[in-house]
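Take a look at the structure set out below.
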Number of protein chains: 2
Amino acid sequence: MAPRDDDPRFLRSREAIVTAAREVLLTHGPGAVTHARVAEQAGIARATVYRHWPRTDQLLAAAMATVPMPFFDAPATPTRDWLVRELTTLARELDHHDVRVVATTLAGTALWEDDVDARRARLAALLAGRLADALEAARARGEVDLHAAPRDAAALAIGPLYYRATIERGTTDEDVIAAVVDGLGRWR
Amino acid sequence: MAPRDDDPRFLRSREAIVTAAREVLLTHGPGAVTHARVAEQAGIARATVYRHWPRTDQLLAAAMATVPMPFFDAPATPTRDWLVRELTTLARELDHHDVRVVATTLAGTALWEDDVDARRARLAALLAGRLADALEAARARGEVDLHAAPRDAAALAIGPLYYRATIERGTTDEDVIAAVVDGLGRWR
């Protein structure tokens, strides 16, 4: 008998599995997020885990979804100040282990797992689109002469923070953020 | 009896294991690089794999070492032209699957595996040091007024290429490289 989505036991086991999958991901990495390991961590039968998420990549995507990444979603003016604020928020998020885990898992595991890759592609398109729109609007308002194409702004602005956090394993300070923002264009 | 490092059979099996580990890494990702899987791929006894690399992270590090990453190693003047050339070479390397695999594995797997983390730290320090030295020298020669601290140049210059390749899964063109280089300072 197929479980019903509104069955309280079904929802409870789903929550327990997501919590366990998150713990396994943060402690041991994406390669450890298997049905067997998550079932053991949750104290739930392996078959139950399979019933909720038949594939490993779906299970991993569910674990990753527990770390929200809401960046650049409400542009404000002056755009330069808004950009500095948003990049500072992102830099402070990237100081945390769980955000680094999700960022590196998005980049790495996406090379082999379709569900993770779809998640990576959605996030990349979302961030690139939001930054491009905000910079286009700033240019239209005469706030900035852009040095780069708006579609490249995400790579130019987020890339240094992401590299600092995940390859250099360090923190991004305000000087780097100022250099990033001023690298995008000449602000008036 | 412990094998001797110069025993031809020992060296042959070592080579077969590294080749197999590289294939598993590039095809299935770092989580798949286990003694069992690599032994199967190489057609070699699992015990032999353990004899060469007792730990999984050492095995993975050996597989990653098959993808060389020799960047920014011989500064030339004018420094701006050299930087553009080096970043272009790096961008073209990051178009390849195997380089993306190693870059994302360095960032991700390093969060859980000591040998990979040591490799990540060495590469990060090497790149940051080389770029800082080249920019300091360029400043001393009067080639550039830097907008950022030399130690931040690696994050500012490599970060956008790394983000483009691993999060946006795209290619870095010459406009982005020009924006990156001109973001580092005012070149004369």
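Because the structure is predicted, anything quoted here is derived from the model rather than measured. In what follows, chains carry the letters A, B, and so on, assigned in the order in which the sequence lines appear, proteins first and then strands, with residues in each chain numbered from 1.
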* Structure fact -> Contacts satisfying salt bridge (Lys or Arg N to Asp or Glu O under 4.0 Å) that involve residues 102-111 of chain B (not counting sequence neighbours) are none
* Could you pull out all residues at least two apart from B:Leu126 that satisfy side-chain contact (heavy atoms from CB on, under 4.5 Å)? => B:Arg130
* More than 12 foreign heavy atoms under 6.0 Å from CZ of A:Arg46: is that the case here? -> no
* Over all atoms of both residues, closest heavy-atom pair of A:Leu26 and B:Trp112 -> O-NE1, 3.2 Å
* Structure fact -> Across all chains, not counting sequence neighbours, the side-chain contact (heavy atoms from CB on, under 4.5 Å) partners of A:Ala121 are none
* For chain A, find its close neighbours in residues 164-182 of chain B: heavy-atom separation under 4.5 Å, sorted by number, or none. => B:Arg164, B:Thr166, B:Ile167, B:Glu168, B:Arg169, B:Val176, B:Ala179, B:Val180
* Hey, which of B:Gly29, B:Ala103, B:Gly183 has the most heavy atom pairs under 4.5 Å with chain A? -> B:Gly29
* Asked: Which answer fits B:Thr109, side chain, backbone, both or neither, if we ask what part of it has an atom under 4.5 Å from a heavy atom of chain A?
  -> neither
* Part of B:Leu123 within contact of chain A (heavy atom distance under 4.5 Å) -> neither
* Specify which of A:Ala148, A:Gly31, A:Ala154 makes the most heavy-atom pairs with chain B at under 4.5 Å. => A:Ala154
* Value rounded to 0.5 Å, distance of CG in A:Leu156 from CG in B:Leu156 -> 10.5 Å
* Asked: In terms of heavy-atom pairs under 4.5 Å with chain B, which of A:Ala124, A:Gly108, A:Ala107 leads?
  -> A:Ala107
* Engaged part of B:Arg151 at the chain A interface, taking heavy atoms whose separation is under 4.5 Å -> backbone
* Structure fact -> So, the part of A:Leu184 with a heavy atom under 4.5 Å from chain B: the answer is neither
* Flag yes if more than 12 heavy atoms outside B:Glu40 fall under 6.0 Å of its CD atom; otherwise flag no. => no
* To do: Answer with side chain, backbone, both or neither: which region of A:Ala110 has an atom nearer than 4.5 Å to a non-hydrogen atom of chain B?
  => both
* Asked: What part of A:Ala149 gets closer than 4.5 Å to chain B, counting heavy atoms only: side chain, backbone, both or neither?
  -> neither
* To do: Quick one: which of B:His147, B:Glu113, B:His28, B:Arg100 has the most heavy-atom pairs under 4.5 Å with chain A, could you say?
  => B:His28
